[in-house]
J.: 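Right, I'll just put the structure down here and ask away after.
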Amino acid sequence: MTKPWQTLTQLTGGSPLEIERVRLTETGIAIEGPFELPPLARLTAEDQIFVAAFVRCHGSIKQMEKYFGVSYPTIKNRLNKIGQLLPFVEIAEGEPAAPSAASQLLDQLERGEMTATEVLRRLAKKGEANG
């Protein structure tokens, strides 16, 4: 059975697309306007499956080798190719990544130093300050 996202991928032939209407299933509220797909959704179906498998394997290239029946260099090359398509965070080699404010708040939540409500409140304040 063909899944809806597979049909969409076949219809678009890999061409860029824009979403014009979004409906929240629980409330039925619809929002119309031009929406870009997030970077992961812009990947080919095959690359999305590869990324999902990588996450399910907890980033273990050894498990990926077994799962796909290919060599370490093949997995690394595919990861590098996909990584170039995802413009998330670029960190210069040798520079440690500074933890984001959101990451620090989540760490405090995990350690029990803050409640989820307090974390959300602080994130909302930061969003207002940046917006």
Side-chain angles (χ1 to χ4, degrees):
M1 181 173 173
T2 303
K3 306 261 189 263
W5 58 268
Q6 291 171 324
T7 303
L8 184 59
T9 301
Q10 291 168 350
L11 284 172
T12 63
S15 296
L17 61 104
E18 187 176 84
I19 304 299
E20 292 186 356
R21 185 169 192 265
V22 176
R23 186 176 61 83
L24 305 173
T25 55
E26 284 188 21
T27 63
I29 295 172
I31 305 166
E32 293 192 24
F35 300 98
E36 282 188 21
L37 291 172
L40 285 172
R42 287 184 234 144
L43 295 175
T44 65
E46 293 81 16
D47 284 347
Q48 289 180 32
I49 290 167
F50 189 86
V51 169
F54 189 69
V55 171
R56 292 289 305 261
C57 290
H58 303 280
S60 168
I61 293 178
K62 282 197 177 294
Q63 285 183 4
M64 292 289 287
E65 287 177 90
K66 290 177 188 172
Y67 185 75
F68 286 102
V70 296
S71 68
Y72 178 92
T74 302
I75 299 294
K76 285 295 285 186
N77 288 337
R78 183 81 178 266
L79 287 171
N80 288 333
K81 181 188 98 137
I82 293 170
Q84 290 173 351
L85 300 172
L86 300 174
F88 288 132
V89 178
E90 292 192 26
I91 300 171
E93 287 187 35
E95 290 183 28
S100 69
S103 174
Q104 291 173 348
L105 289 171
L106 291 175
D107 287 343
Q108 288 178 301
L109 174 64
E110 189 174 299
R111 291 190 301 266
E113 297 170 2
M114 297 180 79
T115 66
T117 303
E118 179 65 15
V119 169
L120 291 172
R121 188 180 63 73
R122 288 195 184 184
L123 287 171
K125 277 186 180 179
K126 287 187 185 304
E128 290 170 7
N130 293 334

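Worth knowing before you read on, the calculation uses all heavy atoms, side chains too, and leaves out hydrogens, waters and symmetry mates.
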J.: Within the supplied structure, the quantity of interest is the number of heavy atoms (other residues, nucleotides, ligands) at a distance under 6.0 Å from Glu20 CD; does it exceed 12?
T.: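 Incorrect, the count does not exceed 12.
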J.: Taking all non-hydrogen atoms of both residues, which atom of Cys57 and which atom of Met64 are closest, and how far apart?
T.: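 Shortest heavy-atom separation between Cys57 and Met64 comes out as SG-SD, 3.9 Å.
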J.: Mind checking what makes side chain to side chain contact (heavy atoms under 4.5 Å, CB included) contact with Ala41, not counting sequence neighbours?
T.: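 Result, side chain to side chain contact (heavy atoms under 4.5 Å, CB included) vs Ala41: Leu37, Pro38.
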J.: Using salt bridge (charged side-chain N to carboxylate O under 4.0 Å, His left out) as the criterion, list what pairs up with Glu32, not counting sequence neighbours.
T.: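 By the salt bridge (charged side-chain N to carboxylate O under 4.0 Å, His left out) rule, Glu32 matches Arg21.
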J.: For residues 56-65, pull every pair meeting salt bridge (charged side-chain N to carboxylate O under 4.0 Å, His left out), keeping only residues two or more places apart or in separate chains.
T.: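 As it turns out, there is no salt bridge (charged side-chain N to carboxylate O under 4.0 Å, His left out) pair with a partner in residues 56-65 once direct neighbours are skipped.
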J.: Considering residues at least two apart in sequence or located in another chain, which fulfil the ring pair (Phe, Tyr, Trp, His ring centres under 6.0 Å) criterion with Phe50?
T.: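 Listed in chain order: Phe68.
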J.: What heavy-atom pair brings Glu18 and Pro34 nearest, and what distance separates the two atoms?
T.: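 The pair with the smallest heavy-atom distance is OE1-CB, 3.3 Å.
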J.: Could you tabulate the donor-acceptor pairs under 3.5 Å formed by side-chain atoms of residues 71-83, not counting sequence neighbours?
T.:
unit_1, atom_1, unit_2, atom_2, d
Ser71, OG, Thr74, N, 3.4
Ser71, OG, Thr74, OG1, 3.0
Asn77, ND2, Pro73, O, 3.2
Arg78, NE, Asp47, OD1, 3.0
Arg78, NH2, Glu46, O, 3.4
Arg78, NH2, Asp47, OD1, 2.9
Asn80, ND2, Lys76, O, 3.3
Lys81, NZ, Asp47, OD1, 3.4
Lys81, NZ, Asp47, OD2, 3.1

J.: Taking only residues two or more places apart in sequence, or in another chain, which ones meet Thr117 in a side chain to side chain contact (heavy atoms under 4.5 Å, CB included)?
T.: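 Checked Thr117 against side chain to side chain contact (heavy atoms under 4.5 Å, CB included); matches are Thr115.
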J.: Applying side-chain contact (heavy atoms from CB on, under 4.5 Å) between Leu85 and each of Thr44, Leu40, Leu43, report the one that passes.
T.: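 With Leu85 as partner, Thr44, Leu40, Leu43 yield a single side-chain contact (heavy atoms from CB on, under 4.5 Å), made by Leu43.
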J.: Kindly give the heavy-atom pair with the smallest separation between Ala53 and Tyr67, and that separation in Å.
T.: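 That closest heavy-atom pairing would be CB-CE2, 4.0 Å.
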J.: Report the residues that fulfil side-chain hydrogen bond (donor to acceptor under 3.5 Å, both in side chains) with Arg111, sequence neighbours left out, ordered by chain and then residue number.
T.: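 Here the qualifying residues are Glu113.
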J.: Any ring-ring contact (aromatic ring centres under 6.0 Å, His included) involving residues 22-46? Give me the pairs, sequence neighbours left out, ordered by first then second residue.
T.: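 Residue pairs passing ring-ring contact (aromatic ring centres under 6.0 Å, His included), neighbours aside: none found.
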J.: Can you sort out the partners of Arg121 under side-chain hydrogen bond (donor to acceptor under 3.5 Å, both in side chains), two or more places apart, ordered by chain and number?
T.: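 side-chain hydrogen bond (donor to acceptor under 3.5 Å, both in side chains) list for Arg121, sorted by chain: Glu118.
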